[in-house]
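Residue numbers start at 1 and run along the sequence shown. Indexing begins at 1, ligand by ligand and atom by atom, following the structure's order. These numbers come from the heavy atoms of this one structure, side chains and all, not from hydrogens, waters or symmetry mates.
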Amino acid sequence: MRFPDTFLIGGSVAANQYEGGCREGGRHLSTWDVFKFDPNVKGGQFTISYDDMLKASFDTNDDLYPKRRGTDFYHRYKEDIALFAKMGFKVFRMSISWPRIFPTGEEDIPNQDGLNFYRSIFEELHKYNIEPLVTISHFDMPLDLSIKYNGWENHKLIDLYIKYASCLFDNFHDLVKYWITFNEIDATIHIPFVGAGINPEKCENLKQSLWQGLHHQFVAGARAIKYAHETYPDLKIGCMSTKNLKYAKTCKPEDNIQTIMETMEDASYTDVQAFGEYPYVLINKWKKEGIHIKMNEDEMIDLKQNVVDFISFSYYASLVTSADKDPNALASANLLVGEKNPYLKQTEWGWQIDPVGLRYSLNQLYDRYKRPLFVAENGLGYNDIFENNTVHDTYRIEFIREHLKQVMIAINEDGVDCFGYTYWGCIDCVAGSTSQMKKRYGFIYVDQDDFGNGTKNRFPKDSFYWFKKVIASNGNDLD
Ligand code: BG6
């Protein structure tokens with residue numbers, strides 16, 4: 001078995017986790033720049049008090065904040081892209097740092113240094129025939145927009161986002177064909193500050209504010225799509241959500257109805273962007289919970305008329321759910337927590353490894369949306385042992401091999417239209433949830449520890465050479 005000839009295979013990262021250069025070239029801080037490294041962190045650092053956020057915004061001791069330093073792609077992008085090219089990447093998914101283009105989010109004119117920086121990255125990628133896939137907003141809005149407006153809770157963000165997105169389309173439509181409007185848009189509900197710059201302390205009615213913030217993002221995304229489609233018809237714009245695959249704990253009908261209800265709610269984020277309207281599960285949920293979303297007719301028309309060209313998602317792990325949840329048998333899968341699956345192994349961070357679940361997800365999504373799919377994130381975080389300038393990461397090879405096999409089965413045997421796969425954290429970067437360096441995903445080791453010590457030099461791991469072979473054989477050689 002192999003992938004189709006046009007299959008886009010490569011790697012993925014996000015600006016705040018690898019770029020660094022947090023104050024260079026006119027950039028201001030973003031929401032993700034306020035988290036200090038905490039060696040005792042468990043699960044994830046997703047919340048911060050409003051006062052601590054303000055203090056962090058004035059703190060110039062950048063060494064304390066891992067996401068401010070990333071892994072120095074800002075200065076080393078040519079070296080990194082050359083390494084991706086050596087592996088044969090056909091695609092590189094990256095994000096643009098919003099405050100590098102509009103430092104406070106409210107300037108009338110974009111920051112030319114920021115635009116130049118990304119133009120040279122895209123040109124460098126094209127030099128090696130690597131297709132850029134760009135996420136417009138990956139958890140890092142200008143911090144000022146969170147402080148001043150409480151992020152996406154405020155309707156003003158719609159126009160500010162459209163100004164930003166249309167500026168990117170105008171400047172890069174000749175170099176970037178594939179775009180994603182928001183990374184894991186569902187994060188707004190699960191981790192509001194990281195996902196949408198919404199500080200819960202500042203909300204009168206938290207649930208109401210979160211869904212309102214999400215509505216603003218849906219409208220902003222649809223209007224960005226409208227602008228792109230009308231102005232540059234060749235561009236392809238997708239949405240991106242966390243694929244929270246859930247299995248019923250037993251065949252008991254109550255466990256299965258619970259699973260299907262949760263599955264439909266998890267799907268609702270993509271539903272709105274794919275079908276242009278709110279699904280009944282959400283409308284009913286809001287009714288039951290007394291949530292009233294302000295939305296006007298123009299917004300609903302824009303949502304309906306401007307749906308996405310493709311559906312992308314992150315898939316790391318699956319969960320189990322049931323009608324009577326067992327609070328003691330917990331396992332994680334990225335943003336959510338569920339019950340343990342006795343048939344699956346877990347990573348050191350408690351994420352359940354489930355390659356077959358990726359085939360299941362691809363089929364579920366294709367059946368529901370009948371639109372091209374893209375696996376935007378999938379990967380294994382591991383505390384690698386670095387010896388003699390390399391890492392023997394057979395566990396990572398095994399993880400990717402098993403997941404790629406399932407993608408191939410979904411395409412070749414099940415008939416799913418999936419046009420690409422980008423392995424998450426293709427070069428070691430700062431972990432999104434924990435800000436650790438030791439939770440490494442990469443094919444390329446970066447010599448930097450949790451506290452920022454190290455040369456930041458890059459070293460290929462065993463998986464680097466293995467992935468190169470996989471790409472060269474278009475998936476036929478997975479040994
Ligand atoms: C996804 C995010 O949720 O998971 C990434 O889009 C993140 O930003 C990735 O890095 C893996 O999570 P973590 O916490 O292991 O880095």
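Test Lys461, Lys438, Arg440 against Asp384 for salt bridge (charged side-chain N to carboxylate O under 4.0 Å, His left out) and you get one pass: Lys461. Checked against Ile101 for a side-chain contact (heavy atoms from CB on, under 4.5 Å), the options Leu168, Asp113, Asn171, Ile136 give a single hit: Leu168.
Taking the six-membered ring for Trp and the full ring otherwise, Phe464 and Phe443 have centroids separated by 6.0 Å or more. Ring centroids of Phe459 and Phe386 are separated by less than 6.0 Å, placing the two rings close together.
Distance from atom 2 (C) of ligand 1 to its nearest protein heavy atom, with residue and atom name: Glu377 OE1, 3.4 Å. Closest protein heavy atom to atom 11 (C) of ligand 1: Tyr441 OH, 3.5 Å. Ranking protein heavy atoms by distance to atom 14 (O) of ligand 1, first place goes to Ser433 OG, 2.4 Å. Nearest protein heavy-atom neighbour of atom 3 (O) of ligand 1: Glu184 OE1, 2.6 Å. Looking only at protein heavy atoms, the nearest one to atom 10 (O) of ligand 1 is Gln17 NE2, 2.9 Å. For atom 16 (O) of ligand 1, the closest non-hydrogen atom on the protein side is Gly432 N, 2.7 Å.
Counting the atoms of ligand 1 from 1 in the order shown, those under 4.0 Å from a heavy atom of Lys439 are 13 (P), 14 (O), 15 (O). Close approach to Ala431 involves these atoms of ligand 1, each under 4.0 Å from a residue heavy atom: 16 (O).
When non-hydrogen atoms are compared, ligand 1 lies under 4.0 Å from neither the backbone nor the side chain of Ala14. Contact annotation: for Thr242 versus ligand 1, there are no heavy atoms closer than 4.0 Å.
Closest heavy-atom approach to atom 12 (O) of ligand 1 among the candidates Trp32, Trp351, Trp424: Trp351.
A distance-only check finds a donor-acceptor pair linking the side chain of Ser12 to the backbone of Ala376 [under 3.5 Å].
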Quiz prompt | Chi angles and distances behind the side chain to side chain contact (heavy atoms under 4.5 Å, CB included) call for Leu319, Glu339 | solution = CA-CA 6 Å; Leu319 290 169; Glu339 291 180 60; over 6 Å; no
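Side chains of Ser137 and Tyr164: a donor-acceptor N/O pair is absent below 3.5 angstrom, by distance only. For Thr321 and Gln258, the side-chain atoms include no donor-acceptor pair closer than 3.5 Å.
For Tyr316, the heavy-atom gap to ligand 1 drops under 4.0 angstrom.
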